[in-house]
Amino acid sequence: MTNIAIFASGSGTNAEAIMEHFAASTTARVALLLSNRADAFALKRAERFGVPTAVFSREEFRDPEGAVARLLKEHHIEFIVLAGFLWLVPDYLTARYAGRIVNIHPALLPKFGGKGMYGHHVHEAVLAAGETQSGITIHLVNERYDSGDILFQATVPVSPDDTPDSLAEKIHTLEHRHFPTVIEQTIQQLG
């Protein structure tokens with residue numbers, strides 16, 4: 001059984017979909033949810049699933065011997081999922097968990113990725129560019145924003161009357177449908 005840690009910064013709808021998916025799994029379980037924001041609703045969602053949580057500072061995240069590294073070790077974490085987590089992952093974690101950290105991005109990378117491209121910023125950019133489709137990209141995490149190997153993409157059409165909010169709804173549907181299963185498949189392939 002693989003122990004997963006989820007890093008989340010916001011409301012945690014993806015984190016909830018992942019916790020729900022793995023609640024009955026024999027492949028993996030969500031053993032920890034970490035957030036860089038004490039007000040992240042993801043923390044409340046984790047509590048409902050009985051998943052331990054912790055909040056950390058930027059210094060604790062960057063320190064290879066700090067609280068985050070200790071928590072990952074204490075909970076025997078073997079796989080990390082970024083679910084709406086906005087900070088760049090430090091080198092010591094990308095090295096320690098090489099091929100074992102995944103992220104979901106609300107656009108079709110390599111378009112509309114990189115620093116500052118998250119949430120509504122992405123959807124606004126997609127609409128401003130006149131794109132006819134958008135979607136999700138699930139990818140491995142490395143030392144640069146949104147540039148790791150792509151594991152999976154799914155698309156939705158962009159309608160002329162779409163707004164950032166309506167496009168976000170379409171993207172969330174894809175995220176909740178595909179992210180948990182792609183995580184499980186990736187873990188299974190690792191053996």
Open item on the list: Quick one: does any side-chain atom of Ser159 pair with a main-chain N or O of Asp162 as donor and acceptor, under 3.5 Å?
Closed with: no

- [ ] For Phe79, look at atom CZ and say whether over 12 heavy atoms of other residues, nucleotides or ligands are found less than 6.0 Å away.
- [x]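 Result for CZ/Phe79: enclosed.
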
TODO: Say whether, by atom type as modelled, one donor and one acceptor occur between the side chain of Lys170 and the main chain of Pro157 under 3.5 angstrom.
DONE: yes

Task: Donor-acceptor pair, side chain of Thr173 and main chain of Glu169, under 3.5 angstrom - done: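 Yes: the side chain of Thr173 pairs with the backbone of Glu169.
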
Task: Distance-only donor-acceptor check, side chains Asn3 and His76, under 3.5 Å - done: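 Side-chain D/A pair, Asn3 to His76: absent.
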
Open item on the list: For Val158, is there any backbone N or O sitting under 3.5 Å from a side-chain donor or acceptor partner on Gln133?
Closed with: no

Task: Side-chain donor or acceptor of Arg45 paired with backbone N/O of Ser11 under 3.5 Å - done: yes

Open item on the list: Here's a test for you: under side-chain contact (heavy atoms from CB on, under 4.5 Å), which of Asn14, Ile4, Val30 qualifies with Met19?
Closed with: Val30

Task: Thr137 side chain vs His105 backbone, donor-acceptor pair below 3.5 Å - done: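 Side chain of Thr137 to backbone of His105: no pair is present.
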
Open item on the list: Looking at Leu140, is its backbone amide N or carbonyl O close enough to the side chain of Asp149 to form a donor-acceptor pair, meaning the two atoms are under 3.5 Å apart?
Closed with: no

TODO: May I ask you to decide if Glu65's main-chain N or O and Arg70's side chain share a donor-acceptor pair within less than 3.5 Å?
DONE: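 Indeed, once roles are kept as given, a pair shorter than 3.5 Å links the two residues.
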
Open item on the list: Quick check on the 6.0 Å ring-centre criterion: do Tyr92 and Tyr97 meet it?
Closed with: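 Ring-ring flag for Tyr92/Tyr97: false, centres at least 6.0 Å apart.
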
Task: Pair Thr27-Gln188, side-chain donor/acceptor within less than 3.5 Å - done: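 Their side chains do contain a donor-acceptor pair, which is all the 3.5 Å distance test asks for.
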
Open item on the list: Between Glu47 and Thr53, is there a side-chain donor-acceptor contact under 3.5 Å, judged purely by atom types and distance?
Closed with: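 Their side chains do not contain a donor-acceptor pair, so the 3.5 Å distance test is not met.
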
Task: The single option from Asn36, Asp63, Leu71 passing side-chain contact (heavy atoms from CB on, under 4.5 Å) against Phe56 - done: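 Result for side-chain contact (heavy atoms from CB on, under 4.5 Å) with Phe56: Asn36.
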
Open item on the list: Within this structure, what is the OG-CD1 distance for the pair Ser134 and Ile171, rounded to the nearest 0.5 Å?
Closed with: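 Rounded to the nearest 0.5 Å, the OG-CD1 separation comes out at 4.0 Å.
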
